[in-house]
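Working notes, beginning with the structure itself.
Naming: A, B, ... by sequence-line order, numbering from 1 per chain.
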Number of protein chains: 2
Amino acid sequence: MILKSQVEWALHCCAILSGLPEGRYLSTKALAELHGLPKEYLSKALQSLSQAGLVHTTLGPSGGYRLAKPAAEVTFLDIIEAVEGNGRTFVCNNIRANNPCRPEGYCEVGSCAIARVMWEADEAWRTKLRSVTLAELGQVLESEIPPQIWNGTFEWVLDRAG
Amino acid sequence: MILKSQVEWALHCCAILSGLPEGRYLSTKALAELHGLPKEYLSKALQSLSQAGLVHTTLGPSGGYRLAKPAAEVTFLDIIEAVEGNGRTFVCNNIRANNPCRPEGYCEVGSCAIARVMWEADEAWRTKLRSVTLAELGQVLESEIPPQIWNGTFEWVLDRAG
DNA sequence: GATAATAAGGATACCATATATCCTTATTAT
DNA sequence: ATAATAAGGATATATGGTATCCTTATTATC
């Protein structure tokens with residue numbers, strides 16, 4: 001059970017976009033080049049972010065993407081669900097209903113106890129991811145990445161941002 | 001990102017095994033019939049449980065499976081990891097290393113901040129699943145399932161247990 | 001001792017999905 | 001008018017989950 005690599009891509013792209021000055025846009029091409037990713041396929045992930053309303057786009061030359069909301073209002077979970085969907089990791093197929101000892105026509109009331117535990121674990125996962133915003137990520141990155149690389153990267157980015 | 005259905009199967013099978021009297025064994029055939037599952041494929045999941053040391057097996061007629069430990073010492077996470085593996089849901093491909101602005105030969109120190117957040121979420125998921133044992137599940141099931149069905153099921157099971 | 005039922009596991013096939021590429025269309029800055 | 005962009009449809013490939021079949025070793029029962 002592994003998340004799509006598009007999730008990783010989307011998170012890194014959003015991290016970059018959150019450092020973009022107001023009103024500027026960054027293209028798929030630049031984001032792909034910056035991360036060493038296939039442009040066409042990365043485009044699908046960015047489209048997912050757009051459809052989820054997390055980023056805003058413009059067309060034409062100098063077009064691209066910017067965050068649609070302040071970085072403090074975009075969580076990891078928002079981004080992950082935009083790309084991966086918001087389904088649960090555990091799907092209950094209600095196999096208890098196959099029990100041959102059940103009376104004919106017996107109908108389950110309530111959810112399966114096993115599924116409930118699994119869904120609580122899913123919710124713990126979500127809760128953690130909902131608690132971290134792009135703004136917080138940006139602070140950590142800025143404190144961890146050597147200033148030379150950090151600044152150099154944003155020079156590179158602004159050079160290409162419309 | 002969905003867990004294999006074998007995880008669901010293994011959890012339900014372990015729930016049944018945890019209600020089995022000391023020294024009795026239940027076969028793949030009975031477990032498959034009880035849950036309406038393909039016997040041969042369910043067998044793979046049970047083999048995973050066996051390889052993980054969660055269940056003990058015997059061969060020959062009247063052979064089958066029993067828990068290898070008290071139900072209070074077997075957690076949801078034990079069972080899930082036996083079937084699904086213990087890998088993380090987020091794989092970090094270190095795409096930050098593709099940044100063209102990095103100095104030649106620059107080597108990352110420490111893990112990626114994005115990966116760390118994802119792994120903390122994974123750990124929250126694990127922590128929840130590690131906190132629930134088969135013994136606790138058994139108590140919930142016994143309190144929720146109508147006594148007629150609960151008892152009928154274990155009559156059915158004991159009828160087939162070696 | 002013969003028989004039958006079982007777990008273990010290898011081989012194979014099928015199918016859904018993730019990954020990846022290519023192409024067309026509409027939009028828009030230059 | 002031109003060129004660069006996002007959006008998205010179509011298609012191909014790789015991987016992994018699902019499922020079945022078969023063989024082997026073990027062992028309870030007759």
Name the closest nucleotide to the [X] side chain, picking from [options].
X: B/Pro38; options: D/dT20, C/dA20, C/dA18; result: D/dT20
X: B/Ser27; options: D/dG17, C/dT6, D/dA6; result: C/dT6
X: A/Pro61; options: C/dA29, D/dT18, D/dT20; result: C/dA29
X: B/Glu40; options: D/dT20, D/dA19, C/dA7; result: D/dT20
X: B/Leu59; options: D/dT27, C/dT27, C/dA29; result: D/dT27

Distance, rounded to the nearest Å, where [X] contributes [atom1] and [N] contributes [atom2]:
X: A/Tyr25; N: C/dT28; atom1: OH; atom2: P; value: 11 Å
X: B/Leu46; N: D/dT18; atom1: CG; atom2: P; value: 15 Å
X: B/Lys29; N: C/dA7; atom1: NZ; atom2: P; value: 11 Å
X: B/His56; N: D/dT26; atom1: NE2; atom2: C1'; value: 13 Å
X: A/Gln47; N: C/dT27; atom1: CD; atom2: C1'; value: 15 Å
X: A/Asn93; N: D/dT18; atom1: CG; atom2: C1'; value: 12 Å
X: A/Lys39; N: D/dA6; atom1: NZ; atom2: P; value: 7 Å
X: B/Ile2; N: D/dG16; atom1: CD1; atom2: P; value: 17 Å

For a quick test of reading the model, state the closest non-hydrogen atom pair linking [X] to [Y] and the distance between them.
X: B/Tyr106; Y: A/Pro146; value: OH-CG, 3.1 Å
X: A/Cys14; Y: A/Leu134; value: CB-CD1, 3.8 Å
X: A/Leu17; Y: A/Tyr65; value: CD2-O, 3.5 Å

It should be established whether [X] places a side-chain nitrogen or oxygen under 4.0 Å from OP1 or OP2 of nucleotide [N].
X: A/Thr58; N: C/dA29; answer: no
X: B/Ser5; N: D/dT18; answer: yes
X: B/Tyr65; N: C/dA8; answer: yes
X: A/Thr28; N: D/dA6; answer: yes
X: A/Gln51; N: D/dA7; answer: no

Would you kindly compare A/Ser62 and A/Leu42 by the position of their nearest DNA chain C nucleotide and give the one closer to the 5′ end?
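In this pair, the answer is A/Leu42.
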Share the residues that join B/Ile2 in a hydrophobic cluster, the rule being Ile, Leu, Val, Met, Phe, Trp or Tyr side chains under 4.5 Å apart at the heavy-atom level.
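A/Val91, all in the cluster of B/Ile2.
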Is the B/Tyr41 ring parallel, tilted or perpendicular to the B/Trp9 ring (thresholds 30°, 60°)?
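Plane angle over 60°, so perpendicular.
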For the pair A/His56 and A/Tyr25, name the ring-plane relationship: parallel under 30°, tilted 30 to 60°, perpendicular over 60°.
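Rings of A/His56 and A/Tyr25: tilted, as their planes differ by 30° to 60°.
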Touch check for A/Gly162, heavy atoms < 4.0 angstrom, all strands: base, sugar-phosphate only, or nothing?
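Nothing, no heavy atom under 4.0 Å.
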Select base, sugar-phosphate, or nothing to describe what B/Gly63 touches, counting heavy atoms under 4.0 Å on all strands.
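Contact class for B/Gly63: sugar-phosphate only.
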Any side-chain heavy atom of B/Arg66 sitting closer than 4.5 Å to one from B/Arg24?
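No, too far: nothing below the 4.5 Å cut-off.
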Pairwise 5' ranking along DNA chain D for A/Ser50 and A/Met1, keeping only the more 5' one
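Closest to the 5' end, via its nearest nucleotide, is A/Ser50.
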Expected output check: what is the dot-bracket annotation of DNA chain C, where ( ) and [ ] are pairs inside the strand (brackets for crossing ones), | is paired with another strand, and pairs are Watson-Crick or G-U under 3.5 Å?
||||||||||||||||||||||||||||||
Can you list the residues that meet the side-chain hydrogen bond (donor to acceptor under 3.5 Å, both in side chains) rule with A/Glu123, with sequence neighbours excluded?
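With neighbours one apart ignored, the set is A/Arg130.
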A/Lys44 (side chain) and D/dG9 (base): donor-acceptor pair under 3.5 Å
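Side chain to base: pair found, below 3.5 Å.
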